[in-house]
Number of protein chains: 2
Amino acid sequence: MLHNYPNIENIKIAHELIKPFIHRTPVLKSNLINEIAGCEIYFKCENFQKVGAFKFRGATHAILTLSEDEKRNGVATHSSGNHAAALALAARMNGIKAYIVMPNNSPEVKKKAVAGYGAEITYCQPTLAARESTLETIVNKTGATMVHPYNNYKVICGQGTAAIELLEEKPYLDVVVAPVGGGGLLSGTAIASKGVNSNIKVIAAEPEYANDAYQSFKQKKFVPSLKPNTIADGLLTSLGDKTFEIILDKVDDIYTVSEVQIIEAMRLIWERMKIIIEPSSAVALAGVLANKDFFKNKKVGIIISGGNVELSKLGDLFK
Amino acid sequence: MLHNYPNIENIKIAHELIKPFIHRTPVLKSNLINEIAGCEIYFKCENFQKVGAFKFRGATHAILTLSEDEKRNGVATHSSGNHAAALALAARMNGIKAYIVMPNNSPEVKKKAVAGYGAEITYCQPTLAARESTLETIVNKTGATMVHPYNNYKVICGQGTAAIELLEEKPYLDVVVAPVGGGGLLSGTAIASKGVNSNIKVIAAEPEYANDAYQSFKQKKFVPSLKPNTIADGLLTSLGDKTFEIILDKVDDIYTVSEVQIIEAMRLIWERMKIIIEPSSAVALAGVLANKDFFKNKKVGIIISGGNVELSKLGDLFK
């Protein structure tokens, strides 16, 4: 089950399964932002999700669909960010062991969060090679199931449940916009949105300085993320083969935005809506504001991906 | 009407009157903050109110209760903060002229907001004397009605409507906590809460370095705010004679909190709830966290007064 390319039914089943464990996050709007944007925007606020990000949906789904044998051996992943915290909490809520490999330069606040959820952390050098080899050693020793942060159909189905909820409340949307990093949120969103209504346009937004998904999409061949450099630190990763296939199939277009546009969009949401979103979440609104002609007078859903920000770094952000 | 000490009926009438103009703000809770605090807290989120603060309630009520003659001549006030923006917007929504006296050192963002709402701004030297004399000149010339930011029964009734909404949703609260500056929010909250249920305790929280309400309350005589110095810049003002009388009558206690406690409470709300509140709003939670024995296992309502923060100053805040 779910070893194949998922469809809307898989996402609906995932939604029923994870419902008791997740928050149903609110859908918010701002008249002032609508005036500025020239369209009608509905924000699906996954910054209010458990662990502060949509990642908790995919991690929960991956854990709930383990076999009993797999549950006994636990789950494992390498991550310095929201996926680590999401998997750790989802595991704890289900009485399952979580092994998390974290680069030793991860922010203290993330290390603390993951440890606080009772996961077993192994620190390694901050390189992809060290992360992967450390994880392999742990998986070999423990028999834990590896849960990839995005290139995993169960995770993708979990992430798609945010769009399901958004479209339950606002079925008349013309466009749904999501940010793209590894592509888990985007591919789940695309399958869900097109499955609900094939006329809905699905647009991705990506930082100019981490535009591997844009390049891959336009060239129709995989282009890795090389030296990405953006304030939107949740969007640094390359697509996976599974997410890339879905994105090529289902996504209508990818827009890129500058760092200045990301910060301006983030400031707008903070100031006008009084909610805390992380820079990666602002990329979608930045994409709308940079393409007003396309969005003009449309009903637009935006997935706000998360709200985890290091407060001590804010001074540099809003100078 | 409303030239006398108000009661719960006055506040309920005010609520019906202003309902079509205000946002009904959400009541939020955080399991994590409840664990830390050892009690069950419900946050009434006036940071999501129009103009980003509860002040819009009182200003709207003051405007809606003007006579037709008074409406023709407009309203006037002096303020560098949320009350100016609130009165300007409430006036514009009702087709009434607003004259706002602002000290010339007011933050640019506040000047812009007030101007954006179409108010006529007169700048003056940043002293209380200059503000009052400039306002007097304008009132004499235009016949506008002066709307004091807090020492005004109509304004007090408007501010009390937030507690009415909170108690409609959570009628079983044991305690309601509000911050105190000039006392408009606190006195409205106290009349409303005691009116709904005389067993509800009403507690105020105030910065240690602006503790004039605490001093006045304990000594049972008016003590002005002398050189207040706190990050909670909405709480710098002294009580008025009307608010002081109500507070002496209805408030059970006033707790003071340190600057460090205010910042810690603010950080907690930002990080855990992902909502933006201004430092003045954090004072109430700080008061709860600093008095855990009193609040232990109680059901506590907290009025989050506003969410207007200068983002460029955040770096200094969360170092």
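Residue numbers start from 1 in every chain, and the chains themselves are labelled A, B, ... in the order their sequence lines are given, proteins ahead of strands.
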Trainee: If you tally heavy-atom pairs under 4.5 Å against chain B, which of Leu28(A), Val309(A), Leu311(A) wins?
Mentor: Leu311(A)

Trainee: Does any non-hydrogen side-chain atom of Val177(A) lie less than 4.5 Å from one of Val288(A)?
Mentor: yes

Trainee: Hey, does Val180(A) have a side-chain heavy atom less than 4.5 Å from the side chain of Leu235(A)?
Mentor: no

Trainee: May I have a table of the donor-acceptor pairs connecting chain B and chain A at distances under 3.5 Å?
Mentor:
| unit_1 | atom_1 | unit_2 | atom_2 | d |
| --- | --- | --- | --- | --- |
| Lys274(B) | O | Ile276(A) | N | 2.9 |
| Lys274(B) | NZ | Gly307(A) | O | 3.0 |
| Lys274(B) | NZ | Asn308(A) | OD1 | 2.7 |
| Ile276(B) | N | Lys274(A) | O | 2.9 |
| Gly307(B) | O | Lys274(A) | NZ | 3.0 |
| Asn308(B) | OD1 | Lys274(A) | NZ | 2.7 |

Trainee: Measuring only between side-chain heavy atoms, which start at C-beta, is Phe43(A) closer than 4.5 Å to Ile33(A)?
Mentor: yes

Trainee: Tell me which of these, Pro26(A), Gly307(A), Cys45(A), has more heavy-atom pairs under 4.5 Å with chain B than the rest.
Mentor: Gly307(A)

Trainee: Considering only heavy atoms from C-beta outward, does the side chain of Pro207(B) approach that of Ile262(B) to under 4.5 Å?
Mentor: yes

Trainee: Mind checking whether Ile63(B) and Leu87(B) have side chains closer than 4.5 Å, heavy atoms only?
Mentor: yes

Trainee: Heavy atoms, side chains only, cut-off 4.5 Å: are Ile263(A) and Pro279(A) in contact?
Mentor: no

Trainee: Quick one: are Phe48(B) and Ile275(B) in side-chain contact, heavy atoms under 4.5 Å?
Mentor: yes

